[in-house]
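Input: a single structure, listed below in structure tokens.
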Amino acid sequence: MIVGVLIELTNKKLDRVFDYKVSDDLSQQIKLGIRVEVPFNHRVLEGFVLTIKKASDVDNLKEIIKVVDEDIVLNEELLELGKILQKKTLATLISCYQAMLPKALKAKKKAIVNKKFDVYYRLNSLVESNYNKTQQLLINEFKNQELVSKEKLQKISASSLKTLIKKNILIEELKEHYRLTYDEKSSNIKELTKQQLEVVSQVDLNHCDTYLLYGVTGSGKTEVYIKLIDKVLQENKTAIMLVPEISLTPQMVNRFQEVFGSEIAALHSALSDGEKYDEWRRINRGEVKIVIGARSAIFAPLTNIGIIIIDEEHSDSYKQDHNPRYDAKEIAIIRSKRANCPVIMGSATPSLESFARCSKNVYKLLTLKERINGKKLPEVELIDMNQEVKKGNSYFSENLTTAIDQNLKKGEQTILLLNRRGYASFVTCKNCGYTIKCPQCDITLTYHKSSNVLRCHYCGYATNLPKVCPECKEEAISSLGTGTERIEEELKNKFSHARVLRMDYDTTSKKGMHAKMIQSFKNNEYDILLGTQIVAKGLDFENVTLVGVINADTSLNIPDFRSSETTFSLLSQVAGRSGRSSKSGRVIIQTFNPNHYAILFAKNHDYEGFYKKEMAIRYQLKYSPYYYLCYIKISSKDYNEASKEANKIKRCLEKNLSEDIILGPSPATIFKLNNIYRYGIIIKYKKDKNLYDILNKLIKHYQSNNYITLDIDFNPNHF
Ligand code: ADP
Ligand code: ZN
């Protein structure tokens, strides 16, 4: 038997199948999609078996060393999906397969994650013996059950246990146990409202259509998802539910667990590698019916899929921003076609692309126009910070201060959003204006007050806060910008009795912290929840009646054609956290651009107004969804080489893609990253007639060039 193995190395030149012989004793275990260990250039590597055949054109084949798993890792569907993914992203095939798997199951010789076992004992009925008193006690444990756990027996006597094992009277048995457990079902599906039922009835579960569920915040989308999944389960089919990492809150998982119990598996970044490994194998063995997870859960090895749901579909987290740069929404549609099942994408602020597809009947539109409680969306007030700054209020306007104060007195809770995208606290010299940047990446370092270090959020470079300015040598270094820590301090000064909970990347990075914080805020242990984008999504607290946005503008100022859309959707989402139960809510947005359309439409909860305006702009500027975009990044350690080759590539594209618009090369947003210089070329196209051919040729041309790296990103989130 000969097998073709795709090995773990990511080098483009090695991204193909290599033939190996299989010895007779291993051939029984060989299946397509299984992992094997092979010799490769004096090393031992892992790889996936992609082909099985009788003969090879190559002489002197080496033999595979061993088969790594009992079960196949890549089933037939995933094997095929990997090839599609490779064609769409132009990444290496091996990176496509690796992206589908949890760390423990990637082909990687060095990644070792073990199964977890419990020790049990069985009474060996073949051995007869006379027991002393303690031994008899031990033996009695086996009267009613065949297997008894080690823990149970240790309570009696460890030494007697040892003796019995030695005498072969007790036999040790290992039983694998999964690291995570799920409670039993504890609640039913809510009785749906008329509007929710209407939506559910419009979905054809036996056809591969894509639906967009456009439902305002608090309209009960989650319960619609649950009902649809329940119907699918009754047909003995399975379901995938994707949520953005950031909103994969315990709230959502808890609700699913309440209704579906141990039929769910949850995959997200808060799990350890071992937990992910176990969850994945539960899925692969057909032990679960529903997978809830972030982006990569779209590759869950479920069979017989009956529905794929993508919540908060506008979130940019569904697109992977490193290789392979896939879009989980696109993968969902591919899988749904194979399974002949629907895809439901839900959002209160759909992406322009998806809403536009509805208007062309590519997607089917489902709407929930009202909140569950029949309440209006909260009143939104805009505060012009230009005026406030003149009065000396840099962080909290008069109105926001009063509103927080009133809420504290009423015993109601407040959420404060610090919009931090591309704008963290940085350090400058008050004397000469020098800002401290990363020596490797050309971006401003972020100041972390608690540890007193400056850190690069791109490469991790860290340095202590200098006492004097490196440029002018004055002792005038101070931290500017607004980090959550800074606002927290300000809040404590202003409202000394308020109990403030700060939630950001720093405070939630410890395992389980996120869940704990949400629970304690829900239990009213805090008055104010202060945080970054993390507080904007998916949270549902009854007692929150005030939402304040400290700085609406920072996400407007990033150099990105989607910045208005991002800002509109962020403001709408966070506003939606207010007044979700019987009490009415209000929202206060502080901004330096009170007349910006994104902010005005958000104030009026006018998604469709925003959509029309933004579409007109995209049309004029020839951006998505009117044009498809492709971004080519050319990077090199050598400054001149990067620029020279980038210009060559531009000329080649212009010659071959005469119908497309080609922009650049221009320095990437972060021109220097880790001492590497980066240029970008943007291609705007309507039809991809020759595009893939040309790009494949370019990749081939540069694959043995050690000075230049090409990165290709279709429909990029960022340039
Ligand atoms: P969305 O995701 O659309 O913002 P949610 O799904 O979080 O809204 O629902 C908002 C609130 O309404 C939640 O507290 C939820 O439990 C409640 N809810 C949803 N559907 C119903 C229903 N049919 N009956 C009663 N309460 C419901
Ligand atoms: Zn850096």
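The structure presented is a predicted model; accordingly, all values stated were derived computationally and were not measured. Every number for a ligand or one of its atoms is a count from 1 in the order of the listing. Hydrogens, waters and symmetry mates are skipped; everything else that's a heavy atom, side chains included, is used.
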Donor on one side chain, acceptor on other, [X] and [Y], under 3.5 Å:
X      : Y      : result
Ser347 : Glu313 : no
Gln573 : Thr217 : no
Asn206 : Asn340 : no
Asn236 : Lys289 : no

**Message:** What I want to know is whether Ile372 and ligand 1 share at least one N or O pair that is separated by under 3.5 angstrom.
**Reply:** no

**Item:** Polar contact flag for Gly215 and ligand 1 (N/O pairs, less than 3.5 Å)
**Value:** no

For [X], the ligand 1 atoms whose distance to one of its heavy atoms is below 4.0 Å:
X      : result
Glu191 : 22 (C), 23 (N), 24 (N)
Glu223 : 20 (N)
Thr217 : 4 (O)
Ser219 : 1 (P), 3 (O), 8 (O)
Val216 : 3 (O)

**Candidate list Leu546, Ile404, Ile550, test side-chain contact (heavy atoms from CB on, under 4.5 Å), partner Ile588, passing option** =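 Option passing the side-chain contact (heavy atoms from CB on, under 4.5 Å) with Ile588: Leu546.
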
**Prompt:** For the ring pair Phe521 and Tyr526, is the centre-to-centre distance below 6.0 Å?
**Reply:** no

**Asked** With a 6.0 Å cut-off on ring centres, are Tyr326 and Tyr318 close enough?
**Response**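 No; Tyr318 has its ring centre 6.0 Å or more from that of Tyr326.
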
**Request:** Under 4.0 Å, heavy atoms only, figure out whether ligand 1 is touched by the backbone of Lys190, its side chain, both or neither.
**Result:** side chain

**Message:** Applying a heavy-atom cut-off of 4.0 Å, say which part of Thr222 lies close to ligand 1: side chain, backbone, both or neither.
**Reply:**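 For Thr222, backbone and side-chain atoms both sit under 4.0 Å from ligand 1.
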
